[in-house]
Amino acid sequence: MTLGCARNEVDSEELAGRLTADGWELTEDDDAAVVLVNTCAFVASAKKDSIDTLLAAADGDRKVVAVGCLAERYGAELADSLPEAAAVLGFDSYGEIGARLDDVLAGRPLVPHRPRDRRTLLPITPVERQGHAVSVPGHASAAEVPGWTPPVLRRRLGDSPVAPLKLASGCDRRCTFCAIPSFRGAFVSRPADELLAEAAWLAGQGVRELVLVSENSTSYGKDLGDLRLLERLLPELAAVPGIVRVRLSYLQPAETRPSLVEVLAGTPGVAPYFDLSFQHSSEAVLRRMRRFGDTDRFLALLDQVRALSPAAGVRSNVIVGFPGETRADVAELTRFLTAARLDAIGVFGYSDEDGTEAAGYDGKVRADVIDRRVARMTELVDELMAQRAEERLGETVEVLVEAVTGDGLEGRAAHQAPEVDGATLVTDAPAHAQVGDLVRATVTGTAGVDLTARYLETADAVAGPAVERAG
């Protein structure tokens, strides 16, 4: 079971690969001997969902093992408060996950790990971190080496034509509201050769779209001594045989440089999609968050994007109720969102996170005020997103088909990321259309962020051994 973000999805598939290599059989049957729950610890609601899932999984004779961010972040504390779990394993146990589950089945006690600030566990300077790079000597790309596979085992847990590909792990930023760096660690990029090889492997498993994920994708390459490495990597990933679309996620606005905007907006096969983590637009609030920017600078960035790609998709998340936030700050955020014309906006109410600087701030906004601000902001963004969708009426979109139903082809256009940005239903499609096809269609209707579009042609059909699905 996997909870949380796409980065956890990759972790689960890597755990699945390791377990398969160790002789474990993966099953979704209720009679499984062990249930592995990959937990999330992003916000309070995610923690509750993780605990509820662990408790539900423990209903019966099965052994339940907690892994993931909640297990890593709380370790022994979680084990003490959740005796229903047979084990609570941190990230350091992933390399020997098969042996640890052997211990669970044999009844051998496992000592829960003691959480540490993982930012101290890896080299911090870019020069030191270069020693962690993995490459294939003598080859421009590891994907060119016959039979070479990614050094990290991975087994797909579904058959979607879309899959996440992890660019990096950890984060070097010090946002005052965020605890993620303390348990995910310092920022470490994966070498380009390794990413290209894994992309080729995913294409061989039937994947057509790669969603590049990390805690902060705009930092990719800085620890390898080349901050422009991402701009060169994106076209190479788009050129992997069988891949028709590459989508980059988790961009830090203050680090979104013009050269990256140009590549995202103008590279064939790379979605003109900008997942910009604005969080707020009041300069005063952003400073307290230890972030940078303001309404006018953010709007200028969006102008740069749309000057190069007028139909580019843009999504973001915002936090309301941060300590010290005033009515004027909320009004400034409202001004920004109204002018920004974003395709998708997530609204979150602030809550204290253990171990963060903001948890100790004064000027806390009352819970009932936060709730009212969240409700009002959610109502506003629902209207704004619907308006933005209506602006796409008559637009030609390319939709990656993820399901074929009696109503038509269900999938997502370039401005729609999996699960978070809505979907597109393509009507009047030919009977031979199938999952994995990339089709062009004209937008004819909207329902909130969702679109309806009329089929025009197939831009790229599933074909050839490079995208043959594994049986």
Side-chain angles (χ1 to χ4, degrees), residues 3-5 39-52 69-70 73-74 171 173-183 215 250 252-254 275-295 298-299 314-340 342-388 419-421 448-449:
L3 303 170
C5 65
T39 60
C40 178
F42 179 50
V43 292
S45 59
K47 297 175 194 175
K48 182 179 184 303
D49 287 345
S50 293
I51 292 172
D52 289 346
C69 292
L70 191 71
R73 186 175 179 186
Y74 293 102
C171 184
R173 298 191 67 86
R174 295 295 184 265
C175 300
T176 59
F177 57 84
C178 183
I180 290 174
S182 67
F183 58 87
E215 276 72 26
Y250 305 110
Q252 169 62 237
D275 177 9
L276 293 160
S277 176
F278 290 119
Q279 303 299 353
H280 213 284
S281 72
S282 163
E283 185 173 15
V285 173
L286 288 167
R287 291 290 182 181
R288 287 193 292 274
M289 290 179 170
R290 200 170 289 129
R291 296 174 68 87
F292 304 97
D294 57 36
T295 293
F298 290 163
L299 291 177
V314 187
R315 86 164 329 270
S316 192
N317 295 315
V318 296
I319 297 172
V320 295
F322 191 78
E325 184 187 62
T326 65
R327 292 177 182 174
D329 294 326
V330 176
E332 184 67 1
L333 179 58
T334 299
R335 180 173 81 90
F336 167 66
L337 293 175
T338 302
L342 305 181
D343 292 275
I345 309 162
V347 179
F348 296 89
Y350 171 81
S351 61
D352 287 337
E353 281 295 312
D354 297 337
T356 61
E357 186 176 339
Y361 281 2
D362 56 13
K364 294 290 174 62
V365 180
R366 293 199 325 263
D368 61 314
V369 174
I370 293 177
D371 290 343
R372 287 200 300 271
R373 290 179 182 177
V374 168
R376 286 199 297 266
M377 196 62 67
T378 299
E379 183 178 2
L380 171 66
V381 302
D382 285 347
E383 180 181 347
L384 293 173
M385 290 187 295
Q387 291 174 2
R388 177 66 183 126
E419 300 180 6
V420 292
D421 296 342
V449 295

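Of all the heavy atoms in Gly324 and Val365, the pair that sits closest is N-CG2, 4.4 Å. The two residues Glu353 and Ala359 come nearest to each other via the heavy atoms O-CB, 3.7 Å. Gly349 and Val374 get closest at one heavy-atom pair: CA-CG2, 3.5 Å. Scanning both residues, Ser277 and Pro253, for their nearest heavy atoms gives O-CD, 3.3 Å. Arg73 and Ala41 make their closest contact through NH1-O, 3.1 Å (heavy atoms, listed as atom of the first residue, atom of the second, distance). Residues Lys364 and Ala358 approach most closely at CE-O, 3.5 Å, considering heavy atoms.
A 4.5 Å side-chain heavy-atom check between Met377 and Thr334 finds at least one atom pair inside the cut-off. For the pair Thr176/Phe322, a side-chain contact is recorded, criterion being any heavy-atom separation below 4.5 Å from C-beta on. Here the side chains of Val318 and Phe336 are not in contact, with every heavy-atom distance at 4.5 Å or above. When side chains are defined from C-beta on, Thr356 does not count as touching Asp352, because their heavy atoms never get closer than 4.5 Å. Under the 4.5 Å side-chain criterion, counting only non-hydrogen atoms from C-beta, Leu70 is in contact with Ile51. Looking at Asp421 and Val449, their side chains never come closer than 4.5 Å, going by heavy atoms from C-beta outward. Between Val320 and Val330 the shortest side-chain heavy-atom distance does not fall below 4.5 Å. Side-chain contact between Arg290 and Cys175 is absent, with no heavy atoms from C-beta onward closer than 4.5 Å.
Shown here are the side-chain hydrogen bond (donor to acceptor under 3.5 Å, both in side chains) partners of Asp371, two or more places apart in sequence or in another chain: there are none. For Phe177, there are no ring-ring contact (aromatic ring centres under 6.0 Å, His included) partners, not counting sequence neighbours. By the side chain to side chain contact (heavy atoms under 4.5 Å, CB included) test, Val420 pairs with Arg315, Ala417, sequence neighbours left out.
Classification of Arg376 and Glu379 as a salt-bridged pair fails, no side-chain N sitting under 4.0 Å from a carboxylate O.
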Problem set entry | Verdict with reasoning, Leu286 to Phe298, per side-chain contact (heavy atoms from CB on, under 4.5 Å) | CA-CA 12 Å; Leu286 288 167; Phe298 290 163; 3.8 Å; yes
Exercise. Between Gln279 and Gln252, does a side-chain contact (heavy atoms from CB on, under 4.5 Å) hold up when you go through it step by step?
Worked result: CA-CA 10 Å; Gln279 303 299 353; Gln252 169 62 237; over 6 Å; no
Exercise. Given Phe292 and Arg287, is the side-chain contact (heavy atoms from CB on, under 4.5 Å) satisfied, shown in steps?
Worked result: CA-CA 6 Å; Phe292 304 97; Arg287 291 290 182 181; 3.3 Å; yes
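A distance of 8.0 Å separates OG of Ser281 from CG of Asp294, quoted to the nearest 0.5 Å. Here CE of Met385 is found 9.5 Å from CG of Leu380. Values are rounded to the nearest 0.5 Å. Here Leu337 contributes atom CG and Leu342 contributes atom CG; the two are 6.5 Å apart, rounded to the nearest 0.5 Å. Between the OG1 atom of Thr39 and the CG atom of Asp49 there is a distance of 11.5 Å, given to the nearest 0.5 Å. One distance of note links CD1 of Ile370 with CZ of Arg373; it measures 8.0 Å at 0.5 Å rounding. Summarising the geometry, atom CZ belonging to Phe348 is positioned 10.0 Å from atom OG1 belonging to Thr378; distances are rounded to the nearest 0.5 Å.
Just one of Arg291, Glu325, Arg288 meets the side-chain hydrogen bond (donor to acceptor under 3.5 Å, both in side chains) condition when paired with His280; it is Glu325.
Atom CD of Glu419 has 12 or fewer neighbouring heavy atoms from other residues, nucleotides or ligands inside a 6.0 Å radius.
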